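Notes to accompany the following structure.
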Amino acid sequence: MPELPEVEITRRQISPKMVGRTIRSVRTTKPSYFFLTPPRELERRLTGRRVDSLSRHGKYLIAVLDDTSRLFLHLGMTGQLFTASARSVRLLSTTRGGALTPEKQDAFAPDIHTHLALGFEDESEDVLFRDVRKFGKVRWLPGGASDPRLDKLGPDALTVTGPLLFAATRTRKTALKTVLLDQEVIAGVGNIYADEALFRAKIRPSRIARTLTRKESNLLADEIRAVLLRSIETGGSSISDYVQPDGSDGAYQNERRVYARKGEACYVCGTLIKRIVLAARSTHYCPKCQK
DNA sequence: CGTTACACCTGAGGGC
DNA sequence: TGCCCTCAGGTGTAAC
């Protein structure tokens with residue numbers, strides 16, 4: 001579900017709920033591969049720690065704690081962070097309707113898909129991590145420790161440059177889109193924004209990566225940054241189930257030009273948008289606009 | 001080394 | 001209503 005823009009919006013909204021606060025309680029569900037650090041250890045390591053910062057690299061969120069240890073989170077396909085009160089308002093108002101009474105808010109409990117709940121000493125709102133498919137990840141890292149998942153990441157996609165893309169594509173015979181999705185090349189681009197950036201750059205997703213010219217690399221890098229920044233501005237893409245941590249929908253889905261528009265008319269030329277499969281991912285493009 | 005196929009998990013929606 | 005199929009914003013690993 002979430003790509004760089006959705007993760008960045010999550011960071012901006014959750015940061016004020018965590019940073020500067022000390023964790024008093026940690027509640028978890030049973031062990032699963034969602035927990036790279038086992039739940040009981042997580043509870044032990046986090047309790048009593050103050051959160052000093054919350055940053056993002058690609059699709060990862062990284063909290064630095066006051067003992068220099070770190071907590072990293074990945075939202076996977078269906079992960080979402082939110083606070084107890086904001087979410088309770090949304091759930092209750094959408095499932096039952098009507099005005100919220102204090103009783104209804106108190107009655108809210110995270111559902112079975114809420115795998116991590118952090119409570120704070122100042123009794124501010126709990127921060128909750130819900131993830132239906134459990135493709136998300138949470139891991140605690142001791143101070144100074146590294147993690148291969150983080151170490152392998154390429155530069156954040158908001159900083160991508162033409163020369164970097166040009167260099168990264170020289171030895172690759174695979175489809176250009178596959179390279180954009182490779183988090184070791186650039187971190188943060190996923191299926192939606194790969195398709196959207198390629199449309200804006202007028203390049204076919206199936207183009208053999210190594211045939212990209214310097215000029216095209218520059219243009220594509222510009223469009224990647226532009227589409228990500230625009231999506232952040234508009235609150236991200238709420239296509240099937242992504243909502244912002246405050247419960248509101250993003251609006252970038254309304255500015256999509258190709259993603260999930262198979263069979264619809266291209267806004268530029270009217271040609272019908274095609275859907276193909278590349279690297280086992282649904283891929284959308286305009287056969288006329290993208291060469 | 002580069003590339004692809006598949007696995008992980010749950011739920012929604014379409015066809016019958 | 002139920003069953004079966006496909007699809008979904010991601011990524012690690014095995015196998016070619």
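First the proteins, then the strands, lettered A, B, ... as listed; each starts at 1. All values reported here derive from a predicted model rather than from experimental measurement.
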Among C:dA8, B:dC9, B:dT3, find the nucleotide with the atom closest to the side chain of A:Y33. B:dC9
Quiz question: by atom type and distance under 3.5 Å, do the side chains of A:T37 and A:R45 form a donor-acceptor pair? no
Can you identify which nucleotide, out of C:dG10, B:dC8, C:dG9, has its nearest atom closest to the A:S240 side chain? C:dG9
Please pick, from B:dG2, C:dG10, B:dT10, the nucleotide with the shortest atom-to-atom distance to any side-chain atom of A:M77. C:dG10
Phosphate contact (C:dT11 OP1 or OP2) by A:R281 side-chain N/O below 4.0 Å: no
Using a heavy-atom cut-off of under 4.0 Å over every strand shown, decide if A:K137 touches base, sugar-phosphate, or nothing. nothing
Does the structure show A:F135 stacking with B:dC8, if we require the centres to be closer than 5.5 Å and the planes to be within less than 30 degrees of parallel? yes
Take A:E121 and A:R21 through the salt bridge (charged side-chain N to carboxylate O under 4.0 Å, His left out) test and state the conclusion after the steps. CA-CA 7 Å; A:E121 285 189 348; A:R21 299 207 158 108; over 6 Å; no
Give one of base, sugar-phosphate or nothing for A:I239, where a contact means two heavy atoms less than 4.0 Å apart. base
Counting the atoms with a prime plus P, OP1 and OP2 as sugar-phosphate, which does A:R210 contact under 4.0 Å by heavy atoms, base, sugar-phosphate, or nothing? nothing
Side chain of A:R172 only, heavy atoms from C-beta on: which candidate in B:dG2, B:dT10, B:dT4 is closest? B:dG2
Should the pair A:K59-A:E3 be classified as a salt bridge under the 4.0 Å nitrogen-to-oxygen rule? no
Tell me if the aromatic rings of A:H115 and A:F34 count as close, with their centers under 6.0 Å from one another. yes
Does A:S32 reach a base, just sugar-phosphate, or nothing at all? Heavy atoms under 4.0 Å. nothing
